[in-house]
Structures are given as structure tokens and as C-alpha cells.
S.K.: 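Pasting a structure below so you can have a look.
Below, read A as the first sequence line, B as the second, and so on, with proteins coming before strands; counting in each chain starts at 1. Side-chain atoms are counted along with the backbone in the values below, which use heavy atoms only and exclude waters and symmetry mates.
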Amino acid sequence: MRRRVIFRGTALPLLLLAPQLAVTAVFFLWPAGVAVWQSVLQQDAWGLRTEFVGLRNFAEVLADPDWRAAAWNTAVFSAAVAGLAMGAALVLAAQADKSIRGARAYRTLLIWPYAVAPAVAAVLWLFLFHPSIGLIGRALNANGIPWDTRLNGGQAMALVVLAAAWKQVSYNFIFFLAGLQAIPKSVLEAASIDGARPVRRFWTIVFPLLSPTTFFLLVVNLVYAFFDTFGTIHALTGGGPGKATETLIYKAYVEGVQNTNLGSAAAQSVILMVLVIALTMVQFRFVERRVHY
Amino acid sequence: MATLSVEGVTKSFGATRVLHGIDLRVSEGEMIVVVGASGCGKSTLLRIVAGLEEPSAGRVRIGGRDVTELEPSDRDVAMVFQNYALYPHMTVERNMAYGLRIRGLPKPEIARRVREAAELLGIAGLLDRRPRQLSGGQRQRVAMGRAIVREPALFLFDEPLSNLDARLRVQMRAEIRRLQRRLGVTSLFVTHDQTEAMTLGDRLVVMHAGHAAQVATPMEIWARPADTFVAGFIGSPSMNLLEAVLAEEGRAARLRAGPVLRFADGPRPGPEGRRLLVGVRPEHLRPAGADEAQALDVSLDLVEPLGSESVLHGRVPGGEALTARVAGALPAMADGLRLAIRPAEAHVFDAESGLRLDAVG
Ligand SMILES: Nc1ncnc2c1ncn2[C@@H]1O[C@H](COP(=O)(O)OP(=O)(O)O)[C@@H](O)[C@H]1O
Ligand SMILES: [Mg+2]
């Protein structure tokens with residue numbers, strides 16, 4: 001049952017919306033507007049002269065091999081983070097859904113990582129995987145597996161993926177668990193009487209019934225990997241070694257803050273903004289339409 | 001098609017014992033209805049047969065094969081759930097074909113079986129719909145169809161009609177009976193509704209608090225209930241149970257309400273004064289003439305006219321409640337009337353154990 005509360009007049013609704021609108025205006029609309037404005041300007045090296053250059057910043061960014069490499073890194077990184085975080089969360093949620101005893105403690109433990117700040121989480125992972133002082137890093141090296149995330153780009157990428165995914169597992173877990181618990185038990189029982197064994201049941205019944213949750217989480221995880229992992233990467237690898245873990249958001253930061261190339265950084269930010277808007281729109285479209293069986 | 005035997009099955013959830021040793025033998029093609037009040041363990045018994053619950057003790061055999069340790073998927077049974085449990089993301093056709101696809105039947109065979117079952121159930125026009133686009137009655141049919149196409153050894157029904165409205169329930173009841181006869185599949189049907197039980201079952205299992213109180217045909221159960229629980233549970237309105245003691249060297253019962261009832265079929269065992277309960281169905285009470293000595297003086301407190309008959313609610317001397325069904329309408333709103341018991345239609349139970357007492361010799 002849905003009840004709708006209707007406000008009369010416009011003053012009260014506006015008043016109630018005002019704080020949210022103000023926050024959005026100050027922290028999103030204004031900087032976004034500035035970014036869009038900056039993206040069509042170019043400053044000279046000394047910051048003395050600014051000229052209007054139209055879409056030239058965009059053309060340069062898109063043609064830049066470094067930017068393309070970062071785009072590729074982002075694709076790999078996001079896919080790996082979303083896949084790992086969702087896969088792990090689904091496995092854990094399936095276990096929590098089954099077990100009764102100790103389930104509460106298990107759930108609470110799983111939810112903790114979400115409360116840990118990205119930089120703190122990163123330090124934790126750094127301590128684990130540091131080649132000379134890290135528990136796992138040292139063990140790997142001692143066992144003849146050369147491990148150094150400061151030298152090996154692939155290993156560095158694996159580390160940031162691991163750290164970023166770990167933080168997102170809790171969030172995914174909660175949603176998957178809720179999704180699993182919403183599946184009527186009798187439907188699974190009907191399937192098992194129909195002859196389906198657990199693996200088959202999972203792929204033909206559970207997974208399809210979870211698809212709205214999975215799709216929602218996919219978008220959330222991609223947005224997270226695109227935008228919310230700056231702190232993790234910054235603390236763990238700083239985008240290195242070389243540019244092996246430099247993602248688009250990290251590159252925009254390097255361009256704007258370290259290289260003070262504001263025009264290019266702004267253009268990159270605008271591209272990212274368009275990306276997230278596109279993702280969100282896809283999500284809205286799908287939530288409204290299919291995926292709900 | 002197969003036989004089913006349940007041998008000494010018990011079930012406890014933690015410290016709570018839900019089934020206390022159920023024994024049941026179902027022959028090929030027979031329809032057995034398990035009936036009992038809510039919470040008496042009917043579903044648990046059915047789920048143990050399906051393999052969805054493990055018995056604490058006892059064995060289950062289907063077609064002579066011991067399936068106690070087998071998974072539900074290996075038992076070759078089909079089940080219709082109370083909430084239908086259709087796969088919400090699949091079309092009706094896919095729902096029905098699911099079990100067959102898992103068994104790897106050839107496509108044309110699957111299509112044939114689904115089509116035949118759909119036609120049999122009158123849902124051929126719904127094959128492309130999803131469950132949420134169906135009415136309750138249609139979902140019920142799909143659930144039946146999903147069971148039928150499997151051509152299983154055993155059908156299990158867990159209150160499949162209780163979510164339907166009254167008219168549809170009566171209609172589906174008849175349909176299930178026809179289908180079951182036609183397909184000849186051994187069936188176990190669970191319900192809390194005694195009318196459903198009486199009309200559907202070749203034999204009934206009347207369950208009471210985890211025991212099978214009686215296993216017999218509907219008419220046997222109605223005519224010779226094994227104990228006071230069965231007596232009160234089967235039949236509507238419920239059988240009257242009146243306190244009495246054994247009298248006249250076992251040949252009669254002296255009711256607390258007054259009259260002495262001489263048994264039609266011979267003496268009951270036990271000492272003079274043994275405490276009894278005498279059962280009389282409401283329809284077996286008849287208005288007594290003024291000159292009849294052994295009649296009940298009933299003070300009425302409610303009369304329900306039902307057209308062809310009236311249901312009377314009242315009290316006998318001593319305060320026990322009594323319900324009677326008499327033909328036609330009462331001539332006037334009487335405060336009381338005299339009702340007589342036909343001895344041949346009286347049931348005698350031991351008051352202590354509640355068990356039926358039959359005539360000796
Ligand atoms: N999984 C379970 N855990 C604990 N108790 C249960 C479980 N399933 C059933 N019970 C209990 O067993 C009793 C019988 O249940 P059930 O077989 O569903 O009754 P019915 O189908 O006759 O209404 C009930 O008291 C119920 O609370
Ligand atoms: Mg039940």
C-alpha cells in the first residue's frame with residue numbers, strides 16, 4: 001500500500017527541500033559549473049593569460065595516449081573491483097542465508113569494513129602486503145614468489161583492486177542477503193523436488209531472482225570504482241609504479257593538482273561526470289523497466 | 001505410480017516432538033488425505049515423504065525402495081504447495097517444463113507433455129504468461145500442471161486449495177479428484193478441511209497432535225470414529241459428547257442429563273459406573289413424543305434455520321451443550337423441546353482414554 005502525503009502551496013515544500021538544494025548547489029552544481037567553464041579555457045604556463053579554446057581540451061585529452069592508458073586501467077580496475085566485491089559478497093551472503101547459528105555475529109563482522117575510512121583501509125592492506133614489513137608480502141617473498149608492488153605494475157593493480165573491493169563487500173553483502181531472504185523458501189523447495197541440485201538451483205532460480213539486486217549493485221560498484229577509490233589508490237600506490245594504477249579520477253587529480261593544467265583536468269572531470277550521469281540513467285531506465293521479472 | 005509406506009516416522013524440532021511414530025501404507029493409485037487441525041504435524045509428515053525434512057526416526061519407502069536417505073530430487077515425487085511456489089521469473093510453459101528439462105528429456109517430448117497437461121487443465125492459452133499475471137485459480141492449475149507433466153511416482157499436495165475462494169475451492173476439489181482418478185497416481189493430500197478430506201480421500205488419516213488417530217475410509221471414520229477426537233473432528237456440526245456411566249450390567253448408559261440409553265448392539269465391558277462419553281451426531285437426534293420416557297429435555301438458546309433443516313443449539317439438564325439438526329423449520333420459537341437418541345446411532349467412548357468402546361461378543 002502506498003500513501004501519498006500532499007502538501008498544499010509551494011512555500012513549505014521549498015523550505016523542506018532548501019537544505020538539500022543548498023548542499024547540492026554548493027558542493028555539486030557550482031563546482032560542476034566551474035569545471036565545465038574551465039574545460040573550454042586554456043591558461044598559459046604562468047597562469048597569466050586565459051583564452052577560450054572551445055572543445056580543444058577535450059580533443060587533446062581523448063587523443064592523449066596517457067589518458068587512454070588511464071581509461072584502460074579504469075576499465076580493468078572497475079571490472080575487477082565490481083566482479084570481486086560482488087562475487088565475494090554473494091558467496092558470503094549465500095552462507096549467511098543458510099546458517100542460523102552465529103549468523104548475527106558473522107553478519108556484524110562482515111559489515112565492519114564498510115565503516116572503515118578508505119585511507120585507513122589502505123594502510124591496513126599496505127601493512128599486509130608490504131614487501132619487507134607486510135605479513136603476506138614477506139611470506140610471499142620468503143617462499144620464492146617475488147612480490148613488490150612498488151616495482152611490479154600487475155601486482156600493484158592486484159593490490160588496489162583487493163583493497164578497493166574489500167571495502168565494498170559489506171555493502172554488497174547486505175543487499176545480496178536481503179535479496180536472498182526475499183526468495184520464498186518454497187520456490188527453492190519446489191525446484192529441488194523438480195530435480196534441481198544446489199548448483200543448478202543457484203543458476204536457474206536464485207541468480208535470476210537476484211538479478212534486480214545484482215544490476216543495482218553493478219552500477220553502484222562501478223560508480224564506486226570510478227570515483228570513490230581515489231583515497232585507496234592515493235594511499236597505496238599513488239598511481240604507480242609508472243602509471244600502472246593510474247585511473248581516470250587519479251589522472252584528473254594529477255593533471256589538475258600536480259601539473260596545474262586546469263583546462264585539461266577540467267575536461268577530464270567533465271568526461272567523468274558524463275560517464276556517471278550515463279551510468280545513473282541506465283540504472284533508472286532498467287529499474288523502471290525489465291530486470292524486475 | 002507406486003506404493004508408499006511410512007514406517008514408524010517420528011520427528012522432533014529440538015526438544016519439541018512433532019510426530020510421534022506415524023505408520024501408513026498407501027497402495028498403488030490410492031488417494032490418501034491427511035486431515036487434522038492446524039499445527040498437528042500434517043505438513044511435517046508430507047515434507048518428510050518429499051525429503052524436505054529428515055525424520056528423527058523411521059523409514060520412508062516409495063515403490064518398495066527405501067528413500068529415507070535420498071534427496072528430494074532423487075525421490076521421483078511431485079508436490080503442489082499451498083502458496084503454489086511457482087518460479088516467478090519463468091513463463092507458465094517454463095515453469096511446467098523445468099523438471100523435465102533437468103531430467104534432460106528430448107525437446108519434442110517436453111513440448112508434448114506440457115501441451116497435454118495444459119489442455120487437460122484448461123491453461124493452454126496462458127503458456128506465455130508469468131505467474132504474477134495469473135489469478136489464484138490459474139496459478140493453482142499451473143502448479144498442478146507442473147506436477148502432472150513430471151509423471152511422478154507420487155503426488156504430494158499441501159493444502160493446495162486453502163488460498164482459493166469458496167466456489168473455486170469446490171470446483172478445484174472435484175477437478176483434482178477426477179484428475180487423480182484418471183492419471184491413477186498415488187497421492188498424499190494434506191488439508192485441515194474435513195469436507196475436502198471426506199470428498200477427496202479413498203482413505204483418511206486423521207491426525208491429532210502428532211499421532212495418527214485413525215486411518216480408514218471416510219465412511220468408516222464417520223460411522224465408527226476411533227476416539228472422541230476423531231468423533232468431534234469429522235462431521236459438521238460436531239458430534240455431541242455427553243457424559244454418562246455404564247449401567248444395567250453394561251447393557252446401557254445412564255446419561256448425566258437424565259435418560260438411560262440401552263445399547264442396540266450388546267453390552268460394553270467394564271464395571272458398573274464406568275465413566276463414558278456417549279456421542280450422538282446432531283442429525284441423529286429426533287424430536288421425541290411427550291410419552292417417551294428416555295428423552296433429553298433441551299432448553300434452546302439459538303435456532304439457525306437453513307431452509308431444508310434447522311440447526312438447534314441448546315443445553316441439556318446438567319448444563320452440557322447440545323447441537324441438533326432437525327428437518328424443516330421449527331413451528332414456533334420454542335424455548336425447549338424433547339429430543340430422543342436412536343440407540344443404534346449412539347457412539348460409546350471411554351471417558352478416560354477417549355477411545356471407542358465396542359460391544360463385546
Ligand atoms: N522447521 C521447524 N522448526 C521448528 N518447529 C517446526 C518447524 N516446522 C514445523 N514446526 C512445528 O511443528 C508443528 C507441526 O507443524 P506442521 O507440520 O507445519 O503443522 P500443520 O501442517 O499440521 O499445520 C507446529 O507446532 C510447528 O510449529
Ligand atoms: Mg501445514
S.K.: Starting from the C-alpha separation in whole Å, work towards a yes-or-no answer on side chain to side chain contact (heavy atoms under 4.5 Å, CB included) for B:F81 and A:I193.
M.R.: CA-CA 11 Å; B:F81 292 75; A:I193 289 178; 4.2 Å; yes
S.K.: Roughly how far, to the nearest 0.5 Å, is CG of A:L209 from NE2 of B:H89?
M.R.: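 Answer for the NE2-CG pair, B:H89 versus A:L209, is 5.0 Å.
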S.K.: Roughly how far, to the nearest 0.5 Å, is the CZ atom of A:R200 from the OH atom of B:Y98?
M.R.: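 Between atom OH of B:Y98 and atom CZ of A:R200 there are 6.5 Å.
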S.K.: Check this for me: B:E54, atom CD, are more than 12 non-hydrogen atoms of other residues, nucleotides or ligands nearer than 6.0 Å?
M.R.: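 No, CD of B:E54 has 12 or fewer neighbouring heavy atoms, counting only those of other groups under 6.0 Å.
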S.K.: Please name the pair of heavy atoms, one in B:S73 and one in A:A196, separated by the smallest distance, quoted to 0.1 Å.
M.R.: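 Taking every non-hydrogen atom into account, CB-N, 4.2 Å.
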S.K.: Looking at B:F13, I want to see if its CZ is surrounded by more than 12 non-hydrogen atoms of other residues, nucleotides or ligands under 6.0 Å.
M.R.: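 Counting other residues, nucleotides and ligands, CZ of B:F13 exceeds 12 neighbours.
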S.K.: Non-hydrogen atoms of chain A under 4.5 Å away: do they reach the side chain of B:D74, the backbone, both or neither?
M.R.: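 Answer is side chain: those atoms of B:D74 sit under 4.5 Å from chain A.
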S.K.: Determine whether more than 12 heavy atoms belonging to other residues, nucleotides or ligands lie under 6.0 Å from atom CZ of B:R169.
M.R.: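 Check passes, neighbour count above 12.
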S.K.: Starting at CZ of B:R47, measure out to CD of A:E189 and round the result to the nearest 0.5 Å.
M.R.: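 Answer for the CZ-CD pair, B:R47 versus A:E189, is 4.0 Å.
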S.K.: Quick check on the structure: residues of residues 137-150 of chain B within a heavy-atom distance below 4.5 Å of chain A, by number.
M.R.: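 The list, in residue order, reads B:R146, B:R150.
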S.K.: Pairing donors with acceptors under 3.5 angstrom, does anything connect the side chains of A:T204 and B:Y87?
M.R.: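 The answer is no; no qualifying pair exists.
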S.K.: Please look at B:L52 and chain A and tell me whether the side chain, the backbone, both or neither of the residue comes under 4.5 angstrom of a heavy atom of that chain.
M.R.: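 The side chain, not the backbone.
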S.K.: Just checking heavy atoms, which of residues 219-233 of chain A are less than 4.5 Å from chain B?
M.R.: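 Result: none.
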S.K.: Against chain A, label B:L86 side chain, backbone, both or neither, depending on which of its atoms sit under 4.5 Å from a heavy atom there.
M.R.: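 Just its backbone gets close to chain A.
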S.K.: Just wondering, do A:R197 and B:I102 contact through their side chains at under 4.5 Å, heavy atoms?
M.R.: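 Side chain of B:I102 against side chain of A:R197, heavy atoms only: no contact under 4.5 Å found.
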S.K.: Give the intermediate values and the outcome of salt bridge (Lys or Arg N to Asp or Glu O under 4.0 Å) for residues A:D194 and B:R101.
M.R.: CA-CA 10 Å; A:D194 259 347; B:R101 292 161 74 99; over 6 Å; no
